[in-house]
Q: 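Here you go, one structure.
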Amino acid sequence: MGRIMNIDSVEQYNDYFGMDTLHPLVTVIEGSRGKPLRFCKKLYNIYAILVKDTDCGSLRYGRSIYDYSRGTMLFLAPGQVMGSEDDGRMHRPEGWVLAFHPELLCGTPLARGIRDYTYFSYNSNEALHLSAAERQTVVGCMEKVREELHSPVLDKHSKSLIVDNIKLLLDYCIRFYDRQFITREPLNSDLLARFEALLDDYFRSGKPVTAGLPSVQYCADELCLSANYLSDLLRRETGLSAMKHIQQKTLEAAKARVFNTDEPISEIAYSLGFAYPQHFSRWFKKQTGCTPNEYRAQE
């Protein structure tokens, strides 16, 4: 297993590419201007937004392997591992990188909102694939940040302008992901059908008795997706989050068992994955407006 390089600072990342550090907390790197380098896996403790423009072999991104091509975007948040195995050769990087330390965001609205950009925790097979026009927009935002870094004087306006352009880039990527969800509607429909079937099978299998209620992470793992991607996909397609879908499917199963069987409510609660019958009863009333026994008494 190859070594893992820790990227703890913007300066370390610049050094890896052979670039000068113009600001301690943010950098924009045009790959073609960097030095030839050897591949390695990297543990990122900074944020990094990558536009990959050349095929550099198989990239390991978390637990997945992904073959990327021109105009593919990847998003790294602190704590994530990405990179290719060292093949012993030197490579000329192509593409663009915008990297910034979390401290850059301190005191800005983006510090509070950065978690809203859920694609930072997507899997590699959920990468963003750009059209030529979209790539131009993305690179344009990065160039605006680079222009600010090359200003003769970094004044009191510099930080806000840099952060504003980063936010603009992140917002554009939300739009581009929305476009990608739309253009993949046939695939998305298949995923929705598989998700529904997964939940149906889960409640029929008896798994809730030992494993509890199905979680978003469990469903995402079974579908080979990240939890955030699954939730974002469902929200865009149906207006409901993955958790809300799971709750609805649980409620459907609960209603069927309560109304169509004579099983004690406590047994139904345990069979659906609730640890305590009283929790099930409170949850059921919150969802339907009546207790399980009241619902059962309806004709």
Side-chain angles (χ1 to χ4, degrees), residues 2-62 64-78 80-101 104 117 119-120 122 124-151 162 165-166 168-170 172-173 176:
R3 69 185 181 93
I4 295 180
M5 174 189 294
N6 281 17
I7 303 296
D8 298 319
S9 68
V10 166
E11 183 177 13
Q12 281 181 304
Y13 207 35
N14 282 328
D15 289 345
Y16 174 67
F17 283 94
M19 307 295 289
D20 293 333
T21 297
L22 304 176
H23 191 292
L25 299 180
V26 60
T27 188
V28 175
I29 299 169
E30 187 176 358
S32 60
R33 297 186 180 185
K35 68 180 182 181
L37 48 81
R38 292 176 67 162
F39 292 151
C40 69
K41 292 183 181 179
K42 294 174 281 293
L43 170 61
Y44 286 78
N45 291 308
I46 60 175
Y47 288 96
I49 302 168
L50 293 77
V51 178
K52 293 295 186 180
D53 281 344
T54 56
D55 182 6
C56 297
S58 295
L59 176 74
R60 183 167 291 278
Y61 185 58
S64 304
I65 293 178
Y66 179 67
D67 292 324
Y68 55 78
S69 57
R70 181 175 176 81
T72 295
M73 289 192 74
L74 299 171
F75 303 84
L76 284 301
Q80 292 180 294
V81 175
M82 190 193 76
S84 301
E85 294 287 355
D86 185 357
D87 60 5
R89 295 183 295 160
M90 304 298 291
H91 297 268
R92 171 69 67 180
E94 297 288 343
W96 291 75
V97 180
L98 168 61
F100 57 94
H101 195 280
L104 177 72
Y117 300 96
Y119 46 70
F120 273 103
Y122 283 3
S124 60
N125 59 324
E126 300 150 2
L128 177 59
H129 302 280
L130 302 173
S131 67
E134 290 169 348
R135 182 189 176 282
Q136 185 175 357
T137 298
V138 167
V139 172
C141 290
M142 292 186 177
E143 288 179 324
K144 286 292 185 182
V145 175
R146 185 171 67 174
E147 288 172 13
E148 191 61 35
L149 294 176
H150 281 87
S151 296
I162 289 170
N165 276 287
I166 292 174
L168 180 62
L169 170 58
L170 297 178
Y172 269 122
C173 290
F176 299 155

Q: Less than 4.5 Å apart, side chain to side chain, heavy atoms only: is that true for Met142 and Ile49?
A: yes
Q: Who are the side chain to side chain contact (heavy atoms under 4.5 Å, CB included) partners of Leu22, not counting sequence neighbours?
A: Leu149, His150
Q: Using the benzene-type ring in the case of Trp, are the ring centres of Phe75 and Tyr122 under 6.0 Å apart?
A: no
Q: Got a second to check how far Asp53's CG is from Glu94's CD, nearest 0.5 Å?
A: 7.0 Å
Q: Show me the pairs that pass salt bridge (charged side-chain N to carboxylate O under 4.0 Å, His left out) and involve residues 26-37, at least two apart or across chains.
A: Glu30-Arg33, Glu30-Arg146
Q: A quick test of your reading: do over 12 heavy atoms of other residues, nucleotides or ligands sit less than 6.0 Å from OH of Tyr172?
A: no
Q: Examine distances only and state if a side-chain atom of Tyr13 and a backbone atom of Phe100 form a donor-acceptor pair shorter than 3.5 Å.
A: no
Q: Could you grab the distance from atom CG of Leu37 to atom CE of Met90, nearest 0.5 Å is fine?
A: 6.5 Å
Q: Given side chains that start at C-beta, do those of Tyr117 and Cys173 come closer than 4.5 Å, heavy atoms only?
A: no
Q: To the nearest 0.5 Å, what is the distance between CG on Leu74 and CG on Leu50?
A: 6.0 Å
Q: How about Lys42 and Tyr16: do any of their side-chain heavy atoms sit closer than 4.5 Å?
A: yes
Q: Looking at Met5, is its backbone amide N or carbonyl O close enough to the side chain of Gln12 to form a donor-acceptor pair, meaning the two atoms are under 3.5 Å apart?
A: no
Q: With a 6.0 Å cut-off (strictly less than), is the heavy-atom count around CG of Asp20, excluding the residue itself, greater than 12?
A: no
Q: Can any side-chain N or O of Thr27 pair as donor or acceptor with the backbone N or O of His23 at less than 3.5 Å?
A: no
Q: How about Gln136: does its CD atom have over 12 heavy atoms from other parts shown lying under 6.0 Å from it?
A: no
Q: Is there side-chain contact between Tyr47 and Pro78, with at least one heavy-atom pair below 4.5 Å?
A: yes
Q: Hey, does Asn165 have a side-chain heavy atom less than 4.5 Å from the side chain of Glu148?
A: no
Q: First locate atom CE of Met73, then atom CZ of Phe176, and finally report the distance between them rounded to the nearest 0.5 Å.
A: 8.5 Å
Q: Decide yes or no for Ile166 and Leu104: does some side-chain heavy atom of the first lie under 4.5 Å from some side-chain heavy atom of the second?
A: yes
Q: For residues Pro24 and Val10, report the shortest heavy-atom separation together with the two atoms involved.
A: O-CB, 3.5 Å
Q: Got a second to check how far Thr72's OG1 is from Leu128's CG, nearest 0.5 Å?
A: 8.0 Å
Q: Distance check, rounded to the nearest 0.5 Å: Met82 atom CE versus Lys41 atom NZ?
A: 12.0 Å
Q: Is there a side-chain contact between Leu98 and Val26, using heavy atoms and a 4.5 Å cut-off?
A: yes
